[in-house]
Structure formats: C-alpha cells, structure tokens
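Each remark here refers to the structure printed beneath this line.
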Amino acid sequence: TGYYGDGLNAIIVFAACFLPDSSRTDYNYVMENLFLYVISTLELMVAEDYMIVYLNGATPRRRMPGLGWMKKCYQMIDRQLRKNLKSFIIVHPSWFIRTILAVTRPFISSKFSSKIQYVNTLAELREMIPMEYVHIPDSIVKYDEEKYIKRRMRTSCLSNDPEMASVEQE
C-alpha cells in the first residue's frame, strides 16, 4: 500500500505472484477468505479516492485467479468502493488477462472499464504514480528487468539484421 496526491489517497498494490496455487485442495476456501480480507481492509482504508495496482508479472498461470472468482469479487464490491476507485492499473498484463478483460467488458460497467489501464513496465508505472510510498516485490522487479533485457536484445538483433535494416529504411 502507498499513497498519492495532497490528501494522501491510497494506492493498493496487489501482487498476483503471491496468490495460492490452484492445485491446493482448499483453494476455493482460501480464495474466498482472501477476498473477504481484502474487501474488509479496503473498506477500512478507503474513505476517499484510491487506485489499485495489480502486479501480474512473474505469475504462473496456476496462480492466476479464475474468471468466476474475479466476477464474484466485482459483484460483491460495495457500490461506493467501486465509485471511489479512480484507476485500476495492470502492470505486465499477460495475453490471458487482456483476453479475460476483453471477454468480460460487455458485462461490466463502462465506467469501470474506463478505469482499467495497462502498463508494460515499472518505468511506465513510475511515470503514472509516485513510487516512493509503493513497495514492489523483488520478484516483480527481477521480472521487469529480465523482460527489459529481452526486449533490448530483440531490438538489437533486429537492428543488426541487414534485411530488417532495409525494411526499416523503406
């Protein structure tokens, strides 16, 4: 959790890589109680505007919450809590997350949909929110660095390829 703005509004950071593995026998029980804990915490913390930063990077598929769970969460969130949410930022969005949100878009309000923002790197996130009060887990930082290195290597390889250089000039 961190804060932004003059009124020190809450920034809720949610790292999906720490969610329980879906192979647990008590997975549904754990996820339901986790949701209830998160909602009760939000209700205590959030009297005014807030934003959620969902860290998706470094999350194996088996730890990603299912579509049914996310739908249930959305439906159970109090209207005032939904209204006070100013931004829902998804960092390192996967193809799976983008697909789920595209499929569910017709079923969620357009106001909520407009609050969703995709951010591909921690550098982009830094441009959007003050990071001095936000803790990013080491595994996410490492994931971001590895992704950046791979992107640089790919760009470097393309610029060194004579065929790609001629295509770029056209």
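On a predicted model such as this, the values are computed, not experimentally measured, just so you know. Basis for what follows: all heavy atoms, side chains included, without hydrogens, waters or symmetry-related copies.
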Could you tell me if the side chain of Asn120 sits less than 4.5 Å from the side chain of Pro93, heavy atoms only?
yes
To the nearest 0.5 Å, atom CD1 of Ile39 lies from atom CG of Leu36 at 8.0 Å
Not counting sequence neighbours, list each pair that qualifies as a salt bridge (Lys or Arg N to Asp or Glu O under 4.0 Å) and has a residue in residues 122-131.
none
Any non-hydrogen side-chain atom of Arg61 less than 4.5 Å from a side-chain atom of Phe96?
yes
Results of ring-ring contact (aromatic ring centres under 6.0 Å, His included) for Phe112 - residues two or more places apart only:
Tyr74
List for me each residue that meets side-chain contact (heavy atoms from CB on, under 4.5 Å) alongside Arg79, sequence neighbours excluded, and say none if there are none.
Lys83
If you take all heavy atoms of Val30 and Pro20, which pair is closest and at what distance?
CG1-CG, 3.7 Å
Can any side-chain N or O of Asp144 pair as donor or acceptor with the backbone N or O of Leu122 at less than 3.5 Å?
yes
Identify, with sequence neighbours excluded, every residue that meets ring-ring contact (aromatic ring centres under 6.0 Å, His included) alongside Tyr143.
His92
side-chain contact (heavy atoms from CB on, under 4.5 Å) with Tyr148: which residues, sequence neighbours excluded?
Arg151, Arg152
Do Phe18 and Ile140 sit in the same hydrophobic cluster, where Ile, Leu, Val, Met, Phe, Trp and Tyr count as joined when their side-chain heavy atoms come under 4.5 Å apart?
no
Taken in chain and number order and not counting sequence neighbours, the residues that satisfy side-chain contact (heavy atoms from CB on, under 4.5 Å) with Ser113 are Arg105, Ile108
Set of residues satisfying salt bridge (Lys or Arg N to Asp or Glu O under 4.0 Å) with respect to Glu32, sequence neighbours excluded
Lys72
Taking all non-hydrogen atoms of both residues into account, name the closest pair between Pro137 and Leu55 and its distance.
CD-CD1, 3.7 Å
Is it the case that Arg98 places NZ or CZ above or below the six-membered ring of Tyr118, under 6.0 angstrom from the centre and within 45 degrees of the axis?
yes
Closest approach of Leu125 and Val119, non-hydrogen atoms and distance?
N-CG1, 3.5 Å
ring-ring contact (aromatic ring centres under 6.0 Å, His included) with Tyr54: which residues, sequence neighbours excluded?
Phe14
Are the side chains of Phe35 and Met31 in contact, using a 4.5 Å heavy-atom criterion?
no
How close do Arg63 and Leu19 get, heavy atom to heavy atom, and via which atoms?
NH1-O, 2.6 Å
Who are the side chain to side chain donor-acceptor pair (under 3.5 Å) partners of Gln80, not counting sequence neighbours?
Asn84
Passes side-chain contact (heavy atoms from CB on, under 4.5 Å), Ser22 versus Met64? Steps please.
CA-CA 8 Å; Ser22 60; Met64 294 252 188; over 6 Å; no
Beyond-backbone contact of Phe88 with Ile90, side-chain heavy atoms, under 4.5 angstrom:
yes
Any donor-acceptor N/O pair, Tyr50 side chain to Leu42 backbone, under 3.5 Å:
no
Val53 and side-chain contact (heavy atoms from CB on, under 4.5 Å): which partner among Ile129, Ile12, Val134?
Ile129
side-chain contact (heavy atoms from CB on, under 4.5 Å), that's the test. Do Arg82 and Lys111 meet it? Break it down for me.
CA-CA 10 Å; Arg82 273 188 284 205; Lys111 282 184 181 178; over 6 Å; no
Please find the pair of heavy atoms, one from Lys115 and one from Leu85, that lie closest to each other, and give the distance.
NZ-O, 2.8 Å
For Arg24, all residues meeting side chain to side chain donor-acceptor pair (under 3.5 Å), sequence neighbours excluded
Asp26
Does a side-chain heavy-atom distance below 4.5 Å link Ile52 with Ser87?
no
Test log, rule side-chain contact (heavy atoms from CB on, under 4.5 Å), inputs Thr121 and Lys147:
CA-CA 9 Å; Thr121 65; Lys147 193 174 174 185; 6.0 Å; no
Please enumerate all residues that pass salt bridge (Lys or Arg N to Asp or Glu O under 4.0 Å) together with Arg62, with sequence neighbours excluded.
Asp21
Can you name the closest pair of heavy atoms from Ala58 and Ser139 and give their distance?
CB-O, 3.9 Å
Once rounded to the nearest 0.5 Å, what's the spacing between atom CD1 of Ile11 and atom CE of Met131?
8.5 Å
List the residues meeting side chain to side chain donor-acceptor pair (under 3.5 Å) with Tyr29, not counting sequence neighbours, and say none if there are none.
none
